[in-house]
Number of protein chains: 2
Amino acid sequence: MILKSQVEWALHCCAILAGLPEGRYLSTKALAELHGLPKEYLSKALQSLSQASLVDTTLGPSGGYRLARSASEINFLDIVEAVEGKARSFTCTNIRENNPCRPAGYCDSKPCAVARIMWEADEAWRDTLRRVRLSDLVGILSEEVRPDLWQSTFEWVLKRAG
Amino acid sequence: MILKSQVEWALHCCAILAGLPEGRYLSTKALAELHGLPKEYLSKALQSLSQASLVDTTLGPSGGYRLARSASEINFLDIVEAVEGKARSFTCTNIRENNPCRPAGYCDSKPCAVARIMWEADEAWRDTLRRVRLSDLVGILSEEVRPDLWQSTFEWVLKRAG
DNA sequence: TGTTTTGCGGATATTCTATATCCTTAATTC
DNA sequence: GAATTAAGGATATAGAATATCCGCAAAACA
């Protein structure tokens, strides 16, 4: 059970976009360079964010991405699901139906108990991610990252933001 | 992020083993037939349970598997991790280190904040699974499964248990 | 007007994992 | 000695993750 690396990329990119001044855009090229990622492939992750309406885009030189709403209105689950999909990690194939002792026409009243428990854990995972806002991440980073690096990074970003 | 189907198989098999009388064993063949699963491949899942010391095995005719300890001393996480592995679902590749603004020799004081949050969600998932005992599953099933099917299934099992 | 830059989607290639089967070996039962 | 079992290694297949490339349309700018 392993998340795609694109999830990591998308989260870091959103953190950067959250620091952009109102109305400015940052390109795939800049985001790829900043994080040392393959530009073409990172582009797919950003497209997922766009399809999920988490980011706005604009074309042409000085084009790129910006958050579609404020960082306090975007949570981790939004971003993770945009890239990874909304499917549950546990898939119930109803193997209880293969029980040779089943009477013909036997009908289950509820979803399989095994699946319900696994889905409960899945929900706990989602709840945790839902409770963390993108603005929380930015808050943590602004405290932990050394001020000189924090500042020079945003200077670097602003120089490239259209 | 999708769990292997072997996880589902292992959980259902353990539920059956939990119903075995003290000291008796059930073979891969019987477990595969009961659940309609490929015997050879199911065998790999059962081997994982064995390697994790969740089940005891014995060879020869009338051989097979039984729980290594009581169903109240085995939780869902034990079984899931035995099959799926203990690796976290989120892997941090430390892409922050690729930031071109980083001063040479810059040293991070903590693991990446993004990773810490993702790992927290991972722990919530694990905690939920850790809190559910195999005996809890058996309790739920014994209430939900229609008594005639419940009984005939265990007759079927006992006929094949060595 | 035309050139450059950008996001977007489709097509394709590569690598890795999950799924599945087969075979040999050693232990156990009868 | 014959049958049955778990264990583990080797191998094959399918599908997903990773990655690259191309053409298109929109936007900026000279």
Side-chain angles (χ1 to χ4, degrees), chain A residues 1-10 13 17 23-33 35-66 68 80 82-85 87 89-91 93 95 160-162, chain B residues 1-10 13 17 23-33 35-66 68 80 82-85 87 89-91 93 95 160-162:
Chain A
M1 188 185 62
I2 296 195
L3 293 164
K4 325 191 204 195
S5 55
Q6 288 191 337
V7 169
E8 182 186 16
W9 304 356
C13 287
L17 294 182
R24 305 194 51 189
Y25 293 88
L26 194 62
S27 71
T28 306
K29 190 181 167 206
L31 286 166
E33 203 179 329
H35 296 111
L37 302 173
K39 193 186 81 148
E40 307 283 355
Y41 194 33
L42 171 63
S43 164
K44 301 296 185 188
L46 298 173
Q47 281 173 44
S48 298
L49 296 179
S50 172
Q51 279 165 0
S53 299
L54 296 178
V55 297
D56 289 333
T57 69
T58 188
L59 292 176
S62 83
Y65 297 87
R66 71 177 178 200
V80 171
V83 171
E84 186 69 31
S89 66
F90 181 87
T91 305
T93 61
I95 59 178
R160 286 157 182 83
Chain B
M1 188 184 61
I2 296 195
L3 292 164
K4 328 191 204 198
S5 53
Q6 287 192 336
V7 169
E8 183 186 16
W9 305 355
C13 288
L17 295 182
R24 306 197 47 192
Y25 293 87
L26 194 62
S27 70
T28 307
K29 190 182 167 205
L31 285 167
E33 203 178 329
H35 295 111
L37 301 174
K39 194 187 81 148
E40 307 284 355
Y41 193 33
L42 172 62
S43 164
K44 301 296 184 187
L46 297 172
Q47 281 174 44
S48 298
L49 296 179
S50 173
Q51 280 167 359
S53 299
L54 296 178
V55 296
D56 288 334
T57 70
T58 188
L59 291 177
S62 83
Y65 298 87
R66 70 175 178 202
V80 171
V83 172
E84 186 69 31
S89 66
F90 181 87
T91 306
T93 62
I95 59 178
R160 286 156 181 85

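Proteins get letters first, then strands, A, B, ... in listed order; numbering begins at 1 in each. These values consider heavy atoms only, across backbone and side chains, with no hydrogens, waters or symmetry-generated copies.
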Among residues two or more places apart or on two chains, list those pairs meeting salt bridge (Lys or Arg N to Asp or Glu O under 4.0 Å) that have a residue in residues 38-51 of chain A.
-> none
Residues in side chain to side chain donor-acceptor pair (under 3.5 Å) contact with B/Ser50, at least two apart in sequence or another chain | none
Sequence-distant partners of A/Pro38, side-chain contact (heavy atoms from CB on, under 4.5 Å), two or more places apart = A/Trp9, A/Tyr41
What residues form a side-chain contact (heavy atoms from CB on, under 4.5 Å) with B/Ala87, not counting sequence neighbours?
-> none
How would nucleotides 11-16 of chain D be written as a contact map, 5' to 3', with B for base contact, S for sugar-phosphate-only contact and - for no contact, using protein heavy atoms under 4.0 Å?
-> ------
A/Thr93: what forms a side-chain contact (heavy atoms from CB on, under 4.5 Å) with it, not counting sequence neighbours?
-> A/Ile95, B/Glu8
For A/Tyr25 and C/dC8, give me the distance from atom OH to atom P, rounded to whole Å.
-> 11 Å
According to a strict under-4.0 Å criterion, is B/Tyr65 in side-chain N/O contact with OP1 or OP2 of D/dA7?
-> yes
Which residues, if any, of residues 46-57 of chain A bring a heavy atom under 4.0 Å of DNA chain D?
-> none
Taking NZ from A/Lys29 and P from C/dC8, how many angstroms apart are they, rounded to a whole number?
-> 17 Å
Looking for any heavy atom pair under 4.0 Å, which part of the strands does A/Thr28 touch: base, sugar-phosphate only, or nothing?
-> sugar-phosphate
Determine, for nucleotides 15-30 of chain C in 5'-to-3' order, which nucleotides have protein heavy atoms under 4.0 Å from the base (write B), from only the sugar-phosphate (write S), or from neither (write -).
-> ---SBBBB----BBB-
Excluding sequence neighbours, so at least two apart, what forms side-chain contact (heavy atoms from CB on, under 4.5 Å) with B/Ala30?
-> B/Leu26, B/Ser27, B/Trp156, B/Arg160
Just call it for B/Gly64: base, sugar-phosphate, or nothing, with non-hydrogen atoms closer than 4.0 Å on any strand.
-> sugar-phosphate
Between B/Cys13 and B/Val55, is a side chain to side chain contact (heavy atoms under 4.5 Å, CB included) present by the stated rule, with each step listed?
-> CA-CA 11 Å; B/Cys13 288; B/Val55 296; over 6 Å; no
B/Gln47: what forms a side chain to side chain donor-acceptor pair (under 3.5 Å) with it, not counting sequence neighbours?
-> B/Ser43
Summary of salt bridge (Lys or Arg N to Asp or Glu O under 4.0 Å) pairs that have at least one residue in residues 47-66 of chain B, sequence neighbours excluded = B/Asp56-B/Arg66
With sequence neighbours left out, write down each residue that passes side chain to side chain donor-acceptor pair (under 3.5 Å) with A/Ser5, or none if nothing qualifies.
-> none
